[in-house]
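One structure is given below, encoded as structure tokens.
Starting from 1, each residue takes its place in the sequence as its number.
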Amino acid sequence: MKRFHAPAQATHAPQRELHNGGFAPYAEVPARIDAILSAIGGADLPADRGIDPIAAVHDPAYLAFLRDAPALWRDAGRPGDAIPYAFPIRGRRPLTLSRIDALLGAHAFDATTPITAQAWTASYWSAQSALAATQAVLDGDRAAFALCRPPGHHAGRDYCGGYCHLNAAAIAAQAARDAGVARVAILDIDYHHGNGTQDIFWRRGDVFYASVHADPATDYPFYWGHADERGEGAGAGATLNRPLPQGTAIDPFRRAQNDLLTAIAAFGADMLIVSFGADTWEGDPISHFALTTADYAVLARDIAALGLPTVVAMEGGYAVAALGANVASFLSGF
């Protein structure tokens with residue numbers, strides 16, 4: 001299986017995040033990359049396919065904000081990384097505001113996603129890794145892996161959050177559509193619901209979004225991922241969520257995933273994007289499922305049995321010492 005990753009993805013390294021009412025060390029650390037590369041035997045450098053495939057998913061004003069936010073933060077005399085603290089729950093006016101604090105709140109939904117001076121470059125190359133894997137599959141490979149870091153599935157068209165700035169899985173799906181793939185499905189099996197991906201395709205019927213994740217009644221991102229969310233307009237019925245309780249182990253997780261795979265087959269997908277998070281592992285420090293390392297190969301075999309050309313885009317997984325083995329186990333299932 002071809003694997004893609006760019007060294008610039010490691011440059012984004014926030015020192016802290018706001019978690020449970022106080023500042024804590026940032027969980028989405030660059031060491032995640034080394035753990036994965038060591039376990040899977042390295043990866044190829046993706047080609048630079050430019051900004052257009054990214055702009056096909058994300059709002060141009062948001063992309064400009066990601067690029068400019070660190071400089072605006074410094075110009076305001078602020079030390080460290082840019083972190084939002086004021087959120088416009090009654091309405092957003094990003095085009096009429098210039099103060100960095102207002103722009104941060106208008107383009108974020110949490111305070112766990114600092115924008116460092118390197119966030120844009122790292123996220124850009126994370127997206128390029130996903131695009132490279134997508135092109136490999138479009139060119140005939142059965143499956144390809146994008147080591148996306150920072151992750152992406154919490155990022156919406158014009159907002160960041162959940163450690164995510166650019167939505168690599170959504171960018172991959174849109175690139176496949178633009179290349180002529182008629183129907184694309186996204187299977188999200190990260191511990192946390194991919195609210196950004198769901199939002200991006202909420203009103204579209206050509207991309208099916210299916211997610212198994214922790215119940216948002218108890219877990220982040222709380223406001224998305226409930227079972228009754230099915231899409232709107234042309235996208236009605238093209239979203240399917242299977243929330244599960246904390247403590248879920250392989251058998252109920254596998255049943256939920258197979259339910260989603262059946263729905264993807266019924267949708268008639270021609271290509272599959274997998275948002276793979278290893279934060280479902282039993283020892284993950286910020287998550288509460290109970291999958292084992294061996295379970296990931298089982299889940300991947302079930303996905304591969306669907307018989308679709310597949311792009312695997314890395315999402316979460318924060319137990320660094322076990323992360324490489326968990327990713328290697330999942331890729332082995334293909």
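Residues His12 and Tyr26 are in side-chain contact: their nearest non-hydrogen atoms beyond the backbone lie under 4.5 Å apart. For the pair Leu63/Trp120, a side-chain contact is recorded, criterion being any heavy-atom separation below 4.5 Å from C-beta on. In this structure the side chain of Val274 never reaches within 4.5 angstrom of the side chain of Val311, judged on heavy atoms. For the pair Leu37 and Arg3, the minimum side-chain heavy-atom distance is 4.5 Å or more. The closest side-chain heavy-atom distance from Asn195 to Phe109 is below 4.5 Å. Side-chain contact between Leu131 and Gln128 is present, with heavy atoms from C-beta onward closer than 4.5 Å. The shortest distance between side-chain heavy atoms of Leu166 and Val57 does not fall below 4.5 Å. Residues Pro243 and Pro216 meet the side-chain proximity criterion, which asks for heavy atoms closer than 4.5 Å.
With values rounded to the nearest 0.5 angstrom, Ile54 atom CD1 is found 10.0 Å from Leu66 atom CG. With rounding to the nearest 0.5 Å, the separation of OG1 in Thr262 from CG in Leu306 is 8.5 Å. Considering CZ of Arg99 and CG of Leu104, their distance stands at 10.5 Å, rounded to 0.5 Å. In this structure, CG in Asp228 is found 10.0 Å from CZ in Arg230, a value given to the nearest 0.5 Å.
Judged as a salt bridge (charged side-chain N to carboxylate O under 4.0 Å, His left out), the pairs with a partner in residues 175-198 (not counting sequence neighbours) are, in order, Arg177-Asp206. Among pairs with a residue in residues 267-292, none fulfils salt bridge (charged side-chain N to carboxylate O under 4.0 Å, His left out), at least two apart in sequence or across chains. Note on residues 64-84: pairs passing side chain to side chain donor-acceptor pair (under 3.5 Å), not counting sequence neighbours, are Arg78-Asp101. Contacts classified as ring pair (Phe, Tyr, Trp, His ring centres under 6.0 Å) and involving residues 127-155 (residues at least two apart or in different chains) are given here: His154-Tyr220. Applying the side chain to side chain donor-acceptor pair (under 3.5 Å) test to pairs two or more places apart or on separate chains, those with a residue in residues 31-44 are Glu28-Arg32. Contacts classified as ring pair (Phe, Tyr, Trp, His ring centres under 6.0 Å) and involving residues 34-55 (residues at least two apart or in different chains) are not found. Judged as a side chain to side chain donor-acceptor pair (under 3.5 Å), the pairs with a partner in residues 315-334 (not counting sequence neighbours) are, in order, Ser275-Glu315, Thr293-Asn326.
Distance alone, capped at 3.5 Å, places no donor-acceptor pair between the Ser123 side chain and the His165 backbone. Formation of a donor-acceptor pair under 3.5 Å by the Gln174 side chain with backbone atoms of Ile171 is not found in this model. Remark: side-chain polar atoms of Asp110 are paired, donor with acceptor, to backbone N or O of Gly162 under 3.5 angstrom. A distance-only check finds no donor-acceptor pair linking the side chain of Gln135 to the backbone of Ala132 [under 3.5 Å]. Under the 3.5 Å distance criterion, the side-chain polar atoms of His213 are matched with a main-chain donor or acceptor of Gly225. Distance alone, capped at 3.5 Å, is enough to place a donor-acceptor pair between the Gln257 side chain and the Leu299 backbone. With Arg203 contributing its side chain and Glu232 its backbone, the two residues share no donor-acceptor pair below 3.5 Å. For the pair Thr116 (side chain) and Pro14 (backbone), a donor-acceptor distance under 3.5 Å is absent. With hydrogens and angles ignored, the 3.5 Å screen pairs no side-chain donor or acceptor of Asp141 with any backbone N or O of Ala143. With Asp295 contributing its side chain and Thr292 its backbone, the two residues share a donor-acceptor pair below 3.5 Å.
Geometrically, Arg16 engages Phe23 in a cation-pi contact, judged by NZ or CZ lying under 6.0 Å from the ring centre and within 45° of the ring axis.
The minimum heavy-atom distance linking Ala69 with Ile100 is given by the pair O-CD1, 3.8 Å. Nearest heavy atom pair, residue Thr310 against residue Val137, reads O-CG2, 3.5 Å. Taking both residues in full, the closest heavy atoms of Ala31 and Val320 are given as O-CG1, 3.9 Å, listed atom of the first, atom of the second, then distance. Closest heavy-atom contact between Ala122 and Thr11: CB-OG1, 4.2 Å. When all heavy atoms are compared, the tightest approach of Ala269 to Ala185 is CB-CB, 3.7 Å. Contact detail for Ala155 and Ile200: the closest heavy-atom pair is O-CD1, 3.8 Å.
Hydrophobic clustering keeps Phe65 apart from Ile83 (ILVMFWY residues linked when any side-chain heavy atoms are closer than 4.5 Å, directly or through intermediates). Residues Leu260 and Ile186 fall into different hydrophobic clusters, defined by Ile, Leu, Val, Met, Phe, Trp and Tyr side chains chained together at heavy-atom separations under 4.5 Å. Met1 and Leu323 fall within the same hydrophobic cluster, defined by Ile, Leu, Val, Met, Phe, Trp and Tyr side-chain heavy atoms under 4.5 Å apart, directly or through other members. By the rule that hydrophobic residues join a cluster once side-chain heavy atoms approach within less than 4.5 Å of another member, Val184 and Leu261 end up as members of separate clusters. Hydrophobic clustering (ILVMFWY, side-chain heavy atoms < 4.5 Å, transitive): Phe267 and Val181 are in distinct clusters.
Hydrophobic clustering, defined by side-chain heavy atoms of Ile, Leu, Val, Met, Phe, Trp and Tyr closer than 4.5 Å, leaves Phe4 isolated from every other such residue. Hydrophobic clustering, defined by side-chain heavy atoms of Ile, Leu, Val, Met, Phe, Trp and Tyr closer than 4.5 Å, leaves Leu45 isolated from every other such residue.
Taking the six-membered ring wherever Trp is involved, the centroid distance between the rings of Phe276 and Tyr296 falls below 6.0 Å.
Atom NE2 of His19 has 12 or fewer neighbouring heavy atoms from other residues, nucleotides or ligands inside a 6.0 Å radius. Counted within 6.0 Å of CD on Gln246, heavy atoms from surrounding residues, nucleotides or ligands total more than 12; the atom is thus considered enclosed.
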So Arg254 and Val298, side chain to side chain contact (heavy atoms under 4.5 Å, CB included) or not? Walk me through it. CA-CA 9 Å; Arg254 189 181 185 191; Val298 174; 3.6 Å; yes

Determine, stepwise, if the pair Ser129 / Gln9 fulfils side chain to side chain donor-acceptor pair (under 3.5 Å). CA-CA 10 Å; Ser129 293; Gln9 293 173 235; 2.8 Å; yes

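In this view, Tyr62 and His58, His107 satisfy the ring pair (Phe, Tyr, Trp, His ring centres under 6.0 Å) rule, not counting sequence neighbours. Applying the ring pair (Phe, Tyr, Trp, His ring centres under 6.0 Å) test to Tyr209 and every residue at least two apart in sequence or in another chain returns His193. The ring pair (Phe, Tyr, Trp, His ring centres under 6.0 Å) search around Trp125 returns none, not counting sequence neighbours.
Ring geometry for Phe330 against Phe334 counts as perpendicular: the plane angle is over 60°, on a 0 to 90° scale with 30° as the lower cut. In this structure, Tyr159 and Trp224 have parallel ring planes: the angle between them is below the 30° cut-off, well short of the 60° mark.
Taking a cutoff of 4.0 Å between a charged side-chain nitrogen and a carboxylate oxygen, Arg157 and Asp199 do not qualify as a salt bridge.
Here the rule is side-chain contact (heavy atoms from CB on, under 4.5 Å) with Leu244, and of Asp219, Val212, Thr280 only Val212 fits it.
Between the side chains of Gln198 and Ser211, no donor-acceptor pair is found at a separation under 3.5 Å.
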